[in-house]
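Inspection log for the structure reproduced underneath, given as structure tokens.
For the single chain, residues carry numbers from 1 onward in sequence order.
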Amino acid sequence: MIDLPKTPSLRLDGLRALVTGASSGIGLGCAVALAEAGADVVLASRNIKALREAAEAITMKGFSAETLQLDISDLVSINTVLKDQKPFDVLVNSAGLGRHTPSLETSAEDFDEVMDVNLKGAYFLTQSIAKALIKAKKPGSLINISSQMGHVGGVDRAVYAASKHAVEGFTKAMAIEWGRHQIRVNTICPTFIRTPLTQSTFDNPERKKWIEEKIKLGRVGEVQDVMGAVVFLASEASSMITGSALMIDGGWTAD
């Protein structure tokens, strides 16, 4: 008899997962996907009302969901809120901010606001989750929702692209440092995903044409396109993947 290899499981039963930016869009999709795969999911965001509605909808489907009000741009808040939490086996860092203007018109205020969330907040939240895992001697999978703009540039997106290029950089460095602790750190890099926050971009005919021309699959991204990827990176099916960027861009960056 041939001794066949066994496919690693995509199930996440018994794991705790923290998803930031979970009140809507990609973050909510990721929270739903992890919960469906069996994880005990904690949804985090500044918008506690929307979080509670999302968590209630998830639990009504028979899955596990709790809420945590968290502003990742506030480093004191990160330490205070997470101090009494048990270690999280999975982090999905989906909180993000865009202030899209021509680079000649970028204000210092917009620059700081984007960097405080997309870079500084993401960095120190990832650090905080890793510290707890290392202290508990537990492995983990830490996933930063980056962007295709972490690999290319885009019109009116100099600040956003700068923040996401930086996320790609610290993700690689952390993966190198924490590999010996069996803590994996990766990014997911979506193209333009249709959400309430991006609808204004799709409503602009010029921008919509640009997007559709760049995406080789001929359609824009949907939240569901990210959901399977986050389960894969959270699970043992990706146990040899760290320091990598998973592109969900319909071929945008293939040129």
Side-chain angles (χ1 to χ4, degrees), residues 12 15-35 39-59 63-99 112-136 138 140-147 160 163-164 166-167 170-171 174 178 183 185-188 190 193 195-197 223 226-227 230-231 233-234:
L12 304 174
L15 300 184
R16 295 188 79 226
L18 174 66
V19 182
T20 67
S23 59
S24 64
I26 291 174
L28 176 57
C30 290
V32 171
L34 297 176
D40 297 320
V41 180
V42 176
L43 288 74
S45 166
R46 291 179 295 185
N47 188 340
I48 191 65
K49 181 177 182 293
L51 278 183
R52 286 172 178 157
E53 291 174 354
E56 182 180 0
I58 292 171
T59 55
F63 307 118
S64 174
E66 303 172 36
T67 62
L68 190 67
Q69 189 168 24
L70 178 65
D71 178 0
I72 72 164
S73 68
D74 183 347
L75 303 190
V76 174
S77 174
I78 289 175
N79 293 327
T80 302
V81 171
L82 296 182
K83 180 178 63 176
D84 299 323
Q85 291 284 326
K86 293 184 295 183
F88 289 98
D89 305 285
V90 177
L91 167 67
V92 180
N93 209 344
S94 186
L97 185 67
R99 292 285 183 268
D112 289 343
E113 199 170 346
V114 170
M115 292 299 174
D116 280 350
V117 175
N118 294 4
L119 176 55
K120 194 179 199 179
Y123 186 104
F124 285 101
L125 179 63
T126 307
Q127 179 199 71
S128 179
I129 299 301
K131 279 183 177 179
L133 286 170
I134 291 169
K135 183 177 180 181
K138 296 186 67 176
S141 177
L142 313 184
I143 304 163
N144 290 308
I145 303 297
S146 179
S147 170
Y160 185 79
S163 72
K164 294 303 186 178
V167 169
F170 83 65
T171 294
M174 289 176 175
W178 302 339
I183 295 173
V185 196
N186 294 289
T187 62
I188 289 176
I193 301 294
T195 70
L197 290 178
V223 168
V226 182
M227 293 171 71
V230 78
V231 172
L233 284 179

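- Here the closest non-hydrogen pair linking Trp178 and Gln127 is CH2-CA, 4.0 Å.
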| Audit row: Leu82, Ile129, side chain to side chain contact (heavy atoms under 4.5 Å, CB included) steps and yes/no | CA-CA 8 Å; Leu82 296 182; Ile129 299 301; 3.9 Å; yes
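- Rounded to the nearest 0.5 Å, atoms CG (Leu133) and CG (Asp89) are 6.5 Å apart.
- Between the side chains of Thr20 and Asn93, at least one donor N or O sits under 3.5 Å from an acceptor N or O.
- Atoms CD and CD, on Glu66 and Gln85 in that order, are 7.5 Å from each other to the nearest 0.5 Å.
- If you take NZ on Lys83 and OG1 on Thr80, they are separated by 6.0 Å, rounding to the nearest 0.5 Å.
- Here Ser45 contributes atom OG and Asp71 contributes atom CG; the two are 9.0 Å apart, rounded to the nearest 0.5 Å.
- In this structure Ala50 satisfies the side-chain contact (heavy atoms from CB on, under 4.5 Å) test together with Ser23, Asn47, sequence neighbours excluded.
- Not one N or O on the side chain of Asn118 forms a donor-acceptor pair closer than 3.5 Å with the backbone of Gly96.
- Side chain of Ser128 to main chain of Phe124: no donor-acceptor pair is present (N/O by atom type, distance under 3.5 Å, no hydrogens or angles).
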| field | Val81 vs Gln69, side chain to side chain contact (heavy atoms under 4.5 Å, CB included): CA-CA, chis, key distance, verdict | value | CA-CA 8 Å; Val81 171; Gln69 189 168 24; over 6 Å; no
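- Checking side-chain atoms of Lys120 against main-chain N and O of Ile72 turns up no donor-acceptor pair under 3.5 Å.
- Rounded to the nearest 0.5 Å, atoms OG (Ser94) and CD1 (Ile143) are 10.5 Å apart.
- Of all heavy-atom pairs between Thr126 and Met174, the closest is CG2-SD, 3.7 Å.
- Counting non-hydrogen atoms of other residues, nucleotides and ligands closer than 6.0 Å to CZ of Phe63 gives a total above 12.
- Residues Ser146 and Thr171 form no side-chain contact, since every pair of their non-hydrogen atoms from C-beta on lies 4.5 Å or further apart.
- Looking at every heavy atom in both residues, Val114 comes nearest to Leu97 through CG1-O, 3.8 Å.
- With hydrogens and angles disregarded, no donor-acceptor distance shorter than 3.5 Å links the side chain of Arg99 to the backbone of Glu113.
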| Where do Val226 and Ile193 land on the side chain to side chain contact (heavy atoms under 4.5 Å, CB included) test, with the steps shown first? | CA-CA 9 Å; Val226 182; Ile193 301 294; 4.2 Å; yes
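- The pair Glu56-Arg52 fails the salt-bridge criterion, with no side-chain N (NZ, NE, NH1 or NH2) lying under 4.0 Å from an Asp/Glu carboxylate O.
- Leu51 contributes atom CG, which lies 11.5 Å from atom CZ of Arg46 (distance to the nearest 0.5 angstrom).
- If you run side chain to side chain contact (heavy atoms under 4.5 Å, CB included) between Leu125 and each of Leu91, Asn144, Asn79, Leu75, only Leu91 comes through.
- Nearest heavy-atom pair, Ala234 versus Leu34, reported as atom, atom and distance to 0.1 Å: CB-CD2, 3.9 Å.
- For the pair Thr187 and Val167, the tightest heavy-atom approach, listed with the atom from each and the gap, is CG2-CG1, 4.2 Å.
- Shortest non-hydrogen contact noted between Leu68 and Leu18 is CD2-CD1, 4.3 Å.
- With hydrogens and angles ignored, the 3.5 Å screen pairs no side-chain donor or acceptor of Ser163 with any backbone N or O of Leu119.
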| request: Would you please test Val19 and Leu43 for side chain to side chain contact (heavy atoms under 4.5 Å, CB included) and show each step? | output: CA-CA 5 Å; Val19 182; Leu43 288 74; 5.6 Å; no
